[in-house]
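What follows is a single structure, and I will ask about it in a moment.
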2 protein chains.
Amino acid sequence: MESARQLLVRQGFHGLSLEDVARAAGVTRKTVYNHFGSKLGLLNAVFDAVAARGEVWRLAEAAEVSDPREAVVRLVGASCRLWASDRALLRRLVGLAAVDPETASVVVERERRREATWAHLVRRLEAAGLLRPGLAAEEAVRVLMALTSFATYDMLAPADADPAAVMALLLRLADGIVDLSGRG
Amino acid sequence: MESARQLLVRQGFHGLSLEDVARAAGVTRKTVYNHFGSKLGLLNAVFDAVAARGEVWRLAEAAEVSDPREAVVRLVGASCRLWASDRALLRRLVGLAAVDPETASVVVERERRREATWAHLVRRLEAAGLLRPGLAAEEAVRVLMALTSFATYDMLAPADADPAAVMALLLRLADGIVDLSGRG
DNA sequence: CACTTCATTATACAATATGTGTAAACTTTC
DNA sequence: GAAAGTTTACACATATTGTATAATGAAGTG
(Lines give C-alpha, C1' and ligand atoms only; values in the text may rest on other atoms or scores of the structure.)
Protein backbone atom coordinates (compact mmCIF):
# COMPACT_ATOMS: atom_id res chain seq x y z
CA MET A 1 0.00 0.00 0.00
CA GLU A 2 2.84 2.36 0.76
CA SER A 3 4.38 1.50 -2.60
CA ALA A 4 1.07 2.17 -4.29
CA ARG A 5 0.74 5.47 -2.49
CA GLN A 6 4.16 6.68 -3.59
CA LEU A 7 3.73 5.57 -7.18
CA LEU A 8 0.28 7.10 -7.38
CA VAL A 9 1.60 10.44 -6.18
CA ARG A 10 4.62 10.36 -8.44
CA GLN A 11 3.24 8.81 -11.61
CA GLY A 12 -0.47 9.46 -11.43
CA PHE A 13 -3.12 6.84 -11.99
CA HIS A 14 -2.29 6.10 -15.58
CA GLY A 15 1.35 5.50 -14.73
CA LEU A 16 0.51 3.26 -11.81
CA SER A 17 0.89 -0.34 -12.96
CA LEU A 18 0.40 -3.20 -10.55
CA GLU A 19 3.63 -4.63 -11.90
CA ASP A 20 5.49 -1.59 -10.57
CA VAL A 21 3.62 -1.62 -7.28
CA ALA A 22 4.40 -5.29 -6.76
CA ARG A 23 8.06 -4.83 -7.65
CA ALA A 24 8.42 -1.86 -5.31
CA ALA A 25 6.78 -3.82 -2.53
CA GLY A 26 9.01 -6.83 -3.17
CA VAL A 27 6.20 -9.23 -3.99
CA THR A 28 4.54 -10.68 -7.07
CA ARG A 29 1.69 -9.09 -8.96
CA LYS A 30 -0.36 -12.14 -8.09
CA THR A 31 0.08 -11.46 -4.38
CA VAL A 32 -1.29 -7.96 -4.85
CA TYR A 33 -4.36 -9.50 -6.48
CA ASN A 34 -4.70 -11.99 -3.65
CA HIS A 35 -4.79 -9.15 -1.16
CA PHE A 36 -6.80 -6.45 -2.90
CA GLY A 37 -8.67 -8.27 -5.65
CA SER A 38 -8.11 -5.59 -8.26
CA LYS A 39 -6.50 -2.25 -8.94
CA LEU A 40 -9.64 -0.60 -7.65
CA GLY A 41 -9.51 -2.67 -4.48
CA LEU A 42 -5.98 -1.45 -3.89
CA LEU A 43 -7.02 2.17 -4.35
CA ASN A 44 -9.87 1.65 -1.94
CA ALA A 45 -7.46 0.37 0.67
CA VAL A 46 -5.09 3.28 0.08
CA PHE A 47 -7.96 5.70 0.46
CA ASP A 48 -9.15 4.12 3.68
CA ALA A 49 -5.62 4.33 5.03
CA VAL A 50 -5.25 8.03 4.30
CA ALA A 51 -8.65 8.70 5.82
CA ALA A 52 -7.59 6.88 8.96
CA ARG A 53 -4.23 8.66 9.14
CA GLY A 54 -6.04 11.97 8.68
CA GLU A 55 -8.32 11.09 11.56
CA VAL A 56 -11.67 11.38 9.80
CA TRP A 57 -13.43 10.47 12.99
CA ARG A 58 -12.60 13.94 14.27
CA LEU A 59 -15.22 15.31 11.88
CA ALA A 60 -18.02 13.50 13.66
CA GLU A 61 -16.53 14.44 17.01
CA ALA A 62 -16.39 18.11 16.08
CA ALA A 63 -19.99 18.15 14.89
CA GLU A 64 -21.19 16.98 18.28
CA VAL A 65 -19.94 19.95 20.25
CA SER A 66 -22.92 21.52 21.97
CA ASP A 67 -22.34 25.15 20.94
CA PRO A 68 -23.14 25.18 17.19
CA ARG A 69 -20.75 28.05 16.47
CA GLU A 70 -17.94 26.22 18.20
CA ALA A 71 -18.93 23.08 16.26
CA VAL A 72 -18.53 24.95 12.97
CA VAL A 73 -15.09 26.15 13.97
CA ARG A 74 -13.99 22.68 15.00
CA LEU A 75 -15.48 21.02 11.92
CA VAL A 76 -13.65 23.43 9.67
CA GLY A 77 -10.45 22.76 11.58
CA ALA A 78 -10.83 18.99 11.45
CA SER A 79 -11.45 19.20 7.71
CA CYS A 80 -8.30 21.23 7.15
CA ARG A 81 -6.22 18.81 9.16
CA LEU A 82 -7.70 15.88 7.27
CA TRP A 83 -6.93 17.42 3.87
CA ALA A 84 -3.48 18.48 4.97
CA SER A 85 -2.58 14.98 6.13
CA ASP A 86 -1.67 13.76 2.64
CA ARG A 87 -2.37 16.43 0.09
CA ALA A 88 -0.57 15.00 -2.93
CA LEU A 89 -2.30 11.67 -2.54
CA LEU A 90 -5.74 13.13 -1.93
CA ARG A 91 -5.38 15.21 -5.04
CA ARG A 92 -5.11 12.03 -7.10
CA LEU A 93 -7.78 10.14 -5.22
CA VAL A 94 -10.38 12.89 -5.26
CA GLY A 95 -9.64 13.65 -8.89
CA LEU A 96 -9.98 10.01 -9.80
CA ALA A 97 -13.49 9.94 -8.43
CA ALA A 98 -14.49 12.69 -10.85
CA VAL A 99 -12.87 10.92 -13.77
CA ASP A 100 -13.94 7.35 -13.40
CA PRO A 101 -17.49 6.37 -12.41
CA GLU A 102 -16.22 3.02 -11.11
CA THR A 103 -13.92 4.70 -8.65
CA ALA A 104 -16.39 7.36 -7.66
CA SER A 105 -18.24 5.25 -5.14
CA VAL A 106 -15.51 5.44 -2.51
CA VAL A 107 -15.35 9.20 -2.40
CA VAL A 108 -19.06 9.71 -2.96
CA GLU A 109 -19.86 7.64 0.12
CA ARG A 110 -17.60 9.78 2.30
CA GLU A 111 -18.96 12.99 0.83
CA ARG A 112 -22.47 11.81 1.58
CA ARG A 113 -21.51 11.39 5.21
CA ARG A 114 -19.80 14.76 5.31
CA GLU A 115 -22.93 16.33 3.91
CA ALA A 116 -25.16 14.66 6.47
CA THR A 117 -22.92 16.06 9.19
CA TRP A 118 -23.11 19.59 7.84
CA ALA A 119 -26.85 19.33 7.19
CA HIS A 120 -27.43 18.44 10.80
CA LEU A 121 -25.24 21.24 12.06
CA VAL A 122 -26.91 23.76 9.78
CA ARG A 123 -30.28 22.81 11.22
CA ARG A 124 -28.88 23.57 14.66
CA LEU A 125 -27.49 26.89 13.46
CA GLU A 126 -30.83 27.75 11.92
CA ALA A 127 -32.66 26.95 15.13
CA ALA A 128 -30.27 29.24 17.00
CA GLY A 129 -30.91 32.02 14.48
CA LEU A 130 -27.28 32.10 13.42
CA LEU A 131 -27.79 31.78 9.66
CA ARG A 132 -27.40 35.08 7.84
CA PRO A 133 -30.74 36.42 6.60
CA GLY A 134 -31.86 35.68 3.04
CA LEU A 135 -30.16 32.33 2.96
CA ALA A 136 -31.85 28.95 2.62
CA ALA A 137 -30.59 26.11 4.76
CA GLU A 138 -29.71 24.00 1.71
CA GLU A 139 -27.68 26.85 0.32
CA ALA A 140 -25.79 27.14 3.58
CA VAL A 141 -25.05 23.41 3.49
CA ARG A 142 -23.72 23.62 -0.04
CA VAL A 143 -21.55 26.60 0.81
CA LEU A 144 -20.08 24.92 3.85
CA MET A 145 -19.49 21.72 1.91
CA ALA A 146 -17.69 23.69 -0.77
CA LEU A 147 -15.61 25.71 1.70
CA THR A 148 -14.52 22.60 3.58
CA SER A 149 -13.92 20.46 0.49
CA PHE A 150 -10.51 19.14 -0.38
CA ALA A 151 -10.48 21.10 -3.62
CA THR A 152 -10.91 24.39 -1.77
CA TYR A 153 -8.29 23.50 0.81
CA ASP A 154 -5.88 22.52 -1.93
CA MET A 155 -6.32 25.81 -3.74
CA LEU A 156 -6.20 27.93 -0.63
CA ALA A 157 -3.14 26.46 0.99
CA PRO A 158 0.35 27.30 -0.26
CA ALA A 159 2.80 24.42 -0.49
CA ASP A 160 4.23 24.98 2.98
CA ALA A 161 0.87 25.85 4.46
CA ASP A 162 -0.11 25.78 8.08
CA PRO A 163 -3.59 24.23 8.28
CA ALA A 164 -4.46 26.72 11.00
CA ALA A 165 -3.89 29.69 8.66
CA VAL A 166 -6.14 28.19 6.03
CA MET A 167 -8.70 27.49 8.72
CA ALA A 168 -8.72 31.16 9.68
CA LEU A 169 -9.35 32.17 6.09
CA LEU A 170 -12.17 29.68 5.72
CA LEU A 171 -13.84 30.89 8.89
CA ARG A 172 -13.66 34.43 7.60
CA LEU A 173 -15.44 33.33 4.44
CA ALA A 174 -17.96 31.25 6.35
CA ASP A 175 -18.81 34.33 8.35
CA GLY A 176 -20.61 35.64 5.27
CA ILE A 177 -23.04 32.75 5.68
CA VAL A 178 -23.14 31.99 9.36
CA ASP A 179 -22.85 34.36 12.29
CA LEU A 180 -19.57 33.38 13.92
CA SER A 181 -18.75 36.82 15.25
CA GLY A 182 -19.04 35.82 18.89
CA ARG A 183 -15.91 33.77 18.54
CA GLY A 184 -12.28 34.39 17.62
CA MET B 1 -15.05 15.17 -30.89
CA GLU B 2 -18.73 15.10 -30.10
CA SER B 3 -18.57 11.31 -29.82
CA ALA B 4 -15.60 11.63 -27.51
CA ARG B 5 -17.42 14.18 -25.41
CA GLN B 6 -20.46 11.98 -24.95
CA LEU B 7 -18.48 8.86 -24.19
CA LEU B 8 -16.26 10.70 -21.76
CA VAL B 9 -19.25 12.00 -19.85
CA ARG B 10 -21.03 8.67 -19.85
CA GLN B 11 -18.19 6.21 -19.37
CA GLY B 12 -15.46 8.27 -17.77
CA PHE B 13 -11.87 8.30 -18.92
CA HIS B 14 -11.09 4.69 -18.21
CA GLY B 15 -14.09 3.54 -20.23
CA LEU B 16 -13.28 5.79 -23.15
CA SER B 17 -11.58 3.71 -25.82
CA LEU B 18 -10.61 5.23 -29.14
CA GLU B 19 -12.19 2.21 -30.77
CA ASP B 20 -15.55 3.25 -29.34
CA VAL B 21 -15.03 6.90 -30.21
CA ALA B 22 -14.15 6.00 -33.79
CA ARG B 23 -17.12 3.66 -34.13
CA ALA B 24 -19.51 6.26 -32.74
CA ALA B 25 -18.11 8.84 -35.12
CA GLY B 26 -18.37 6.43 -38.05
CA VAL B 27 -14.67 6.43 -38.89
CA THR B 28 -11.66 4.23 -38.27
CA ARG B 29 -9.42 4.42 -35.26
CA LYS B 30 -6.59 5.35 -37.57
CA THR B 31 -8.49 8.42 -38.73
CA VAL B 32 -8.80 9.59 -35.15
CA TYR B 33 -5.04 9.25 -34.79
CA ASN B 34 -4.49 11.16 -38.04
CA HIS B 35 -6.51 14.03 -36.67
CA PHE B 36 -5.55 14.22 -33.02
CA GLY B 37 -2.28 12.30 -32.78
CA SER B 38 -3.17 10.52 -29.57
CA LYS B 39 -5.81 10.08 -26.94
CA LEU B 40 -4.37 13.07 -25.14
CA GLY B 41 -4.55 15.14 -28.30
CA LEU B 42 -8.21 14.30 -28.61
CA LEU B 43 -8.85 15.34 -25.02
CA ASN B 44 -7.00 18.56 -25.65
CA ALA B 45 -9.23 19.31 -28.59
CA VAL B 46 -12.36 18.49 -26.60
CA PHE B 47 -11.18 20.78 -23.81
CA ASP B 48 -10.47 23.63 -26.21
CA ALA B 49 -13.93 23.19 -27.68
CA VAL B 50 -15.69 23.41 -24.33
CA ALA B 51 -13.62 26.46 -23.39
CA ALA B 52 -14.65 28.13 -26.63
CA ARG B 53 -18.31 27.20 -26.20
CA GLY B 54 -18.16 28.55 -22.65
CA GLU B 55 -16.71 31.80 -23.96
CA VAL B 56 -13.50 31.91 -21.95
CA TRP B 57 -12.56 35.18 -23.58
CA ARG B 58 -15.23 36.82 -21.44
CA LEU B 59 -12.93 36.36 -18.45
CA ALA B 60 -10.31 38.66 -19.91
CA GLU B 61 -13.00 41.06 -21.02
CA ALA B 62 -14.49 41.22 -17.53
CA ALA B 63 -11.12 41.86 -15.91
CA GLU B 64 -10.61 44.95 -18.04
CA VAL B 65 -13.61 46.87 -16.72
CA SER B 66 -12.33 50.10 -15.24
CA ASP B 67 -14.13 49.96 -11.89
CA PRO B 68 -12.35 47.15 -10.01
CA ARG B 69 -15.42 46.24 -7.97
CA GLU B 70 -17.48 45.93 -11.12
CA ALA B 71 -14.65 43.88 -12.65
CA VAL B 72 -14.83 41.42 -9.74
CA VAL B 73 -18.55 41.04 -10.20
CA ARG B 74 -18.22 40.46 -13.92
CA LEU B 75 -15.30 38.07 -13.55
CA VAL B 76 -17.23 35.98 -11.07
CA GLY B 77 -20.21 35.97 -13.44
CA ALA B 78 -18.14 35.01 -16.47
CA SER B 79 -16.58 32.16 -14.48
CA CYS B 80 -19.98 30.82 -13.45
CA ARG B 81 -21.23 30.89 -17.02
CA LEU B 82 -18.09 29.17 -18.23
CA TRP B 83 -18.40 26.36 -15.69
CA ALA B 84 -22.10 26.02 -16.31
CA SER B 85 -21.62 25.61 -20.05
CA ASP B 86 -20.76 21.91 -19.84
CA ARG B 87 -20.63 20.80 -16.28
CA ALA B 88 -20.54 17.03 -16.72
CA LEU B 89 -17.69 17.25 -19.20
CA LEU B 90 -15.67 19.73 -17.18
CA ARG B 91 -15.97 17.48 -14.16
CA ARG B 92 -14.11 14.77 -16.05
CA LEU B 93 -11.59 17.08 -17.65
CA VAL B 94 -10.66 18.97 -14.50
CA GLY B 95 -10.52 15.75 -12.51
CA LEU B 96 -8.29 14.16 -15.10
CA ALA B 97 -5.74 16.91 -14.68
CA ALA B 98 -5.44 16.06 -11.00
CA VAL B 99 -5.09 12.36 -11.72
CA ASP B 100 -2.66 12.21 -14.57
CA PRO B 101 0.45 14.43 -14.76
CA GLU B 102 0.51 14.02 -18.55
CA THR B 103 -2.94 15.49 -18.90
CA ALA B 104 -2.40 18.18 -16.33
CA SER B 105 -0.67 20.60 -18.68
CA VAL B 106 -3.85 21.62 -20.47
CA VAL B 107 -5.71 22.66 -17.38
CA VAL B 108 -2.66 24.02 -15.60
CA GLU B 109 -1.99 26.42 -18.44
CA ARG B 110 -5.51 27.83 -18.24
CA GLU B 111 -5.39 28.06 -14.48
CA ARG B 112 -2.15 29.98 -14.73
CA ARG B 113 -3.84 32.51 -16.98
CA ARG B 114 -6.84 32.73 -14.68
CA GLU B 115 -4.50 33.40 -11.79
CA ALA B 116 -2.65 36.12 -13.66
CA THR B 117 -6.00 37.78 -14.31
CA TRP B 118 -7.00 37.68 -10.67
CA ALA B 119 -3.58 38.77 -9.48
CA HIS B 120 -3.76 41.85 -11.64
CA LEU B 121 -7.25 42.67 -10.49
CA VAL B 122 -6.30 42.20 -6.84
CA ARG B 123 -3.48 44.70 -7.25
CA ARG B 124 -6.02 47.17 -8.54
CA LEU B 125 -8.33 46.43 -5.62
CA GLU B 126 -5.47 46.87 -3.21
CA ALA B 127 -4.53 50.21 -4.73
CA ALA B 128 -8.13 51.34 -4.33
CA GLY B 129 -8.09 50.26 -0.70
CA LEU B 130 -10.85 47.72 -1.24
CA LEU B 131 -9.16 44.70 0.29
CA ARG B 132 -10.42 43.87 3.75
CA PRO B 133 -7.84 44.68 6.43
CA GLY B 134 -5.50 41.98 7.69
CA LEU B 135 -5.38 40.22 4.36
CA ALA B 136 -2.33 39.76 2.16
CA ALA B 137 -2.74 40.23 -1.57
CA GLU B 138 -1.60 36.67 -2.30
CA GLU B 139 -4.18 35.36 0.12
CA ALA B 140 -6.88 37.34 -1.63
CA VAL B 141 -5.80 35.92 -4.98
CA ARG B 142 -5.93 32.38 -3.66
CA VAL B 143 -9.36 32.93 -2.14
CA LEU B 144 -10.76 34.39 -5.34
CA MET B 145 -9.21 31.58 -7.40
CA ALA B 146 -10.81 29.05 -5.10
CA LEU B 147 -14.20 30.73 -5.10
CA THR B 148 -14.28 30.97 -8.87
CA SER B 149 -12.88 27.51 -9.52
CA PHE B 150 -14.86 24.86 -11.30
CA ALA B 151 -14.79 22.63 -8.24
CA THR B 152 -16.49 25.29 -6.13
CA TYR B 153 -19.08 26.03 -8.79
CA ASP B 154 -19.80 22.35 -9.17
CA MET B 155 -20.38 21.91 -5.46
CA LEU B 156 -22.39 25.08 -5.03
CA ALA B 157 -24.78 24.67 -7.93
CA PRO B 158 -27.70 22.26 -7.71
CA ALA B 159 -28.37 20.14 -10.79
CA ASP B 160 -30.87 22.57 -12.26
CA ALA B 161 -28.91 25.60 -11.16
CA ASP B 162 -29.16 29.12 -12.49
CA PRO B 163 -25.61 30.44 -12.84
CA ALA B 164 -26.84 33.83 -11.63
CA ALA B 165 -27.96 32.40 -8.29
CA VAL B 166 -24.58 30.79 -7.73
CA MET B 167 -22.93 34.03 -8.72
CA ALA B 168 -24.87 35.85 -6.03
CA LEU B 169 -23.72 33.37 -3.42
CA LEU B 170 -20.10 33.67 -4.51
CA LEU B 171 -20.21 37.44 -4.35
CA ARG B 172 -21.58 37.24 -0.85
CA LEU B 173 -18.62 35.07 0.13
CA ALA B 174 -16.15 37.27 -1.70
CA ASP B 175 -17.44 40.19 0.30
CA GLY B 176 -15.58 38.76 3.29
CA ILE B 177 -12.35 39.43 1.40
CA VAL B 178 -13.05 42.39 -0.83
CA ASP B 179 -15.27 45.37 -0.18
CA LEU B 180 -18.05 45.00 -2.71
CA SER B 181 -20.72 46.67 -0.62
CA GLY B 182 -21.10 49.67 -2.92
CA ARG B 183 -22.66 47.45 -5.50
CA GLY B 184 -25.76 45.22 -5.77
C1' DC C 1 -11.05 12.71 -69.42
C1' DA C 2 -6.65 11.38 -67.22
C1' DC C 3 -3.76 12.57 -63.42
C1' DT C 4 -2.41 13.88 -59.01
C1' DT C 5 -3.05 14.57 -54.32
C1' DC C 6 -4.83 13.65 -50.13
C1' DA C 7 -7.57 11.45 -46.54
C1' DT C 8 -9.59 7.18 -45.26
C1' DT C 9 -9.74 2.33 -44.86
C1' DA C 10 -8.46 -2.47 -43.85
C1' DT C 11 -5.22 -5.01 -41.74
C1' DA C 12 -1.42 -6.33 -39.26
C1' DC C 13 1.76 -5.65 -35.67
C1' DA C 14 4.29 -4.45 -31.19
C1' DA C 15 3.99 -3.09 -26.55
C1' DT C 16 1.79 -2.77 -22.29
C1' DA C 17 -1.87 -3.58 -18.76
C1' DT C 18 -5.41 -6.08 -16.29
C1' DG C 19 -7.04 -10.16 -14.57
C1' DT C 20 -7.18 -15.46 -14.08
C1' DG C 21 -5.37 -20.23 -13.57
C1' DT C 22 -2.14 -23.77 -11.81
C1' DA C 23 1.39 -26.37 -9.82
C1' DA C 24 5.50 -25.99 -7.04
C1' DA C 25 7.90 -23.86 -3.14
C1' DC C 26 7.66 -21.79 1.11
C1' DT C 27 5.79 -20.35 6.03
C1' DT C 28 3.14 -20.72 9.70
C1' DT C 29 0.67 -23.26 13.00
C1' DC C 30 -0.51 -26.98 15.61
C1' DG D 1 6.71 -33.45 11.46
C1' DA D 2 2.17 -32.80 9.18
C1' DA D 3 -1.56 -29.74 7.69
C1' DA D 4 -3.07 -25.38 6.08
C1' DG D 5 -2.52 -21.35 3.98
C1' DT D 6 0.55 -17.96 1.19
C1' DT D 7 3.53 -16.78 -2.07
C1' DT D 8 5.88 -17.60 -6.25
C1' DA D 9 6.92 -18.55 -11.17
C1' DC D 10 4.83 -19.09 -15.27
C1' DA D 11 1.38 -19.26 -18.78
C1' DC D 12 -2.64 -17.43 -20.76
C1' DA D 13 -6.67 -14.56 -22.41
C1' DT D 14 -8.15 -10.05 -23.38
C1' DA D 15 -8.18 -5.06 -24.10
C1' DT D 16 -5.98 -0.88 -25.31
C1' DT D 17 -2.64 2.36 -27.24
C1' DG D 18 0.07 3.51 -30.89
C1' DT D 19 2.52 2.64 -35.50
C1' DA D 20 3.11 0.89 -40.23
C1' DT D 21 1.63 -0.18 -44.92
C1' DA D 22 -0.75 -1.04 -49.00
C1' DA D 23 -5.25 -0.51 -51.09
C1' DT D 24 -9.33 2.34 -51.77
C1' DG D 25 -11.83 6.38 -52.68
C1' DA D 26 -12.83 11.17 -53.32
C1' DA D 27 -11.60 15.37 -54.29
C1' DG D 28 -9.48 19.06 -57.47
C1' DT D 29 -6.38 20.44 -61.68
C1' DG D 30 -4.57 20.32 -66.21
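Labels below follow one simple rule: chain letters A, B, ... track the order of the sequence lines, proteins then strands, and each chain is numbered from 1.
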Next item on the list: Could you tell me the separation between the CZ atom of A/Arg23 and the P atom of C/dT16, rounded to a whole number of Å?
Entry: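 Rounded to the whole Å, the gap is 12 Å.
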
Next item on the list: For nucleotides 6-20 of chain D, just jot down a letter per nucleotide in 5' to 3' order: B, S or -, based on protein non-hydrogen atoms under 4.0 Å.
Entry: -BB-------SBBBB

Only distances under 3.5 Å count here; give the side-chain donor-acceptor pairs of residues 33-47 of chain A to other protein atoms, sequence neighbours excluded, each with its distance to 0.1 Å.
{"residue": "A/Ser38", "atom": "OG", "partner": "A/Leu40", "partner atom": "N", "Å": "3.4"}
{"residue": "A/Ser38", "atom": "OG", "partner": "A/Gly41", "partner atom": "N", "Å": "3.2"}
{"residue": "A/Lys39", "atom": "NZ", "partner": "A/Leu16", "partner atom": "O", "Å": "2.8"}

Donor-acceptor contacts, no H, no angles, side chain residues 141-148 of chain A, under 3.5 Å, sequence neighbours left out:
{"residue": "A/Arg142", "atom": "NE", "partner": "B/Leu156", "partner atom": "O", "Å": "2.8"}
{"residue": "A/Thr148", "atom": "OG1", "partner": "A/Arg114", "partner atom": "NH1", "Å": "2.9"}
{"residue": "A/Thr148", "atom": "OG1", "partner": "A/Trp118", "partner atom": "NE1", "Å": "3.2"}
{"residue": "A/Thr148", "atom": "OG1", "partner": "A/Leu144", "partner atom": "O", "Å": "2.6"}

Next item on the list: With sequence neighbours left out, write down each residue that passes side-chain contact (heavy atoms from CB on, under 4.5 Å) with B/Ala157, or none if nothing qualifies.
Entry: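 Scan of B/Ala157 (side-chain contact (heavy atoms from CB on, under 4.5 Å), adjacent residues dropped) gives B/Arg87, B/Tyr153, B/Ala161, B/Val166.
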
Could you pull out all donor-acceptor pairs under 3.5 Å where a side-chain atom in residues 4-12 of chain A meets a protein atom, sequence neighbours excluded?
{"residue": "A/Arg5", "atom": "NE", "partner": "A/Asp86", "partner atom": "OD2", "Å": "2.6"}
{"residue": "A/Arg5", "atom": "NH1", "partner": "A/Glu2", "partner atom": "OE2", "Å": "3.1"}
{"residue": "A/Gln6", "atom": "NE2", "partner": "A/Glu2", "partner atom": "OE2", "Å": "3.0"}

Per-pair distances, 0.1 Å, donor-acceptor, side chain in residues 125-133 of chain A, under 3.5 Å, sequence neighbours excluded:
{"residue": "A/Arg132", "atom": "NE", "partner": "A/Asp175", "partner atom": "O", "Å": "2.8"}
{"residue": "A/Arg132", "atom": "NH2", "partner": "A/Asp175", "partner atom": "O", "Å": "2.9"}
{"residue": "A/Arg132", "atom": "NH2", "partner": "A/Asp175", "partner atom": "OD1", "Å": "3.4"}
{"residue": "A/Arg132", "atom": "NH2", "partner": "A/Asp175", "partner atom": "OD2", "Å": "3.1"}

